[in-house]
Protein chains: 2
Amino acid sequence: MARAATTSDIFNAIAEPRRRQILTLLAPQERTVGDIAIALAIEQPSVSKHLRVLHSTGLVRMRCQGREKYYRTDADALHPLHEWAATFERYWSNHLHRIKQRAEAAAHTAKRPSNK
Amino acid sequence: MARAATTSDIFNAIAEPRRRQILTLLAPQERTVGDIAIALAIEQPSVSKHLRVLHSTGLVRMRCQGREKYYRTDADALHPLHEWAATFERYWSNHLHRIKQRAEAAAHTAKRPSNK
DNA sequence: ACAATACATTCCCATATTAGAATATGTCAA
DNA sequence: TTGACATATTCTAATATGGGAATGTATTGT
């Protein structure tokens, strides 16, 4: 069996550096395909192909206006990725995070002191 | 050109569902290869191959003990992924996150009131 | 209608992949 | 030493890929 299709899930979709660039570029504002190609110095057909993958996984949205198409990142679609990564936060060695974690645990305990 | 090598970066490494499973399994505790194979119902050679990718990207660490090898997730290696995903937090539509964001911005402003 | 513009798609190709089977390597135990 | 056990590697086959070039399609302007 080969690798899973990029269109199957966001983890595969963001495995490609170009696509991560595109997502970053399209997060704050929508852009046309041509704009993206110029901004990232990628051939237009290549941009279209990456956008296809991103669109099929719901990572970008598209709006037609005449012969131009405006794409924009749908950041909500990255939520699952963020959550998956967050499940490992508790195992980070970084002290600040461990402190934050303890503080949150303490706050949680304080809220239900008799919950043995 | 084909897709980038899985060994090149963590984004490619975690694109494979099996490897995400392994990372999740090995986050709280180390396990031997055989344990992993049984726990996830994967053939042993397959586990070894996935571990090779994970190890080469620094996502797991290995400890030899006799003929057994204990692997464990190195959660710190997932930090870059978490950070990348976090850059999109400000674009989430979720209200709770937006509120938190505004609160943090306000706190930041309060700390330096004259910093025009 | 026709040319120009903006995107999308198709074809080809070199390459990286995953699973499975078989095999190799290394370590322990009798 | 020899066999059993734990893991790693090699080989094969099927498949998905991304870039480049060429082409298709839709929309605009004259």
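Protein chains get the first letters and strands the later ones, always in sequence-line order, with residue 1 at the start of each.
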- Task: Check whether any side-chain N or O of B:Arg67 sits under 4.0 Å from OP1 or OP2 of D:dA8, and answer yes or no.
- Result: no
- Note on the structure: Whole-Å distance, A:Lys69 NZ to D:dT25 P, equals 13 Å
- NE2 of A:His50 versus P of D:dG18: gap in Å, rounded? 6 Å
- Task: Find the bend of the helix from C:dA1-D:dT30 to C:dA30-D:dT1 as the angle between its two terminal axes (five pairs each), to the nearest 10°.
- Result: 10°
- Can you tell me the distance, in whole Å, between the CD1 atom of B:Ile38 and the P atom of D:dC5? 13 Å
- Output yes when at least one side-chain N/O atom of B:Arg18 is less than 4.0 Å from OP1 or OP2 of C:dA19, else no. yes
- Item | Among D:dA8, C:dA8, D:dA6, the nucleotide that comes nearest once only the side chain of B:Gln44 is considered | D:dA8
- Task: Return the nearest nucleotide to the side chain of B:Arg52; candidates are D:dA8, D:dA4, D:dT9.
- Result: D:dT9
- Item | Contact under 4.0 Å: A:Ser48 side-chain N or O vs C:dC7 OP1/OP2 | no
- Item | Candidates D:dG20, C:dA16, D:dA6 - which lies nearest the side chain of B:Glu68 | D:dA6
- What integer distance in Å separates A:Leu51:CG from D:dG18:P? 13 Å
- Query: From C:dC7, D:dA16, D:dA8, pick the nucleotide closest to the side chain of B:Tyr71?
  - Reply: D:dA8
- Item | Nearest-angstrom distance from the residue atom CD of B:Glu30 to C1' of D:dT7 | 16 Å
- Side chain of A:Pro45 - closest among C:dT18, D:dG19, D:dA22: D:dA22
- Note on the structure: To the nearest angstrom, the CZ-C1' distance between A:Arg3 and D:dA16 comes to 8 Å
- Message: I'd like to know if the side chain of B:Arg19 pairs up with that of B:Gln21 as donor and acceptor (distance under 3.5 Å, no hydrogens or angles considered).
- Response: no
- Ring-face cation of A:Arg20 near B:Phe11 (centre distance under 6.0 Å, axis angle within 45°): yes
- Nearest-nucleotide pick for A:Thr6, side chain only, options being C:dT17, C:dT27, D:dG18: D:dG18
- Is the phosphate of D:dG18, meaning OP1 or OP2, less than 4.0 Å from a side-chain N or O of A:Ser46? no
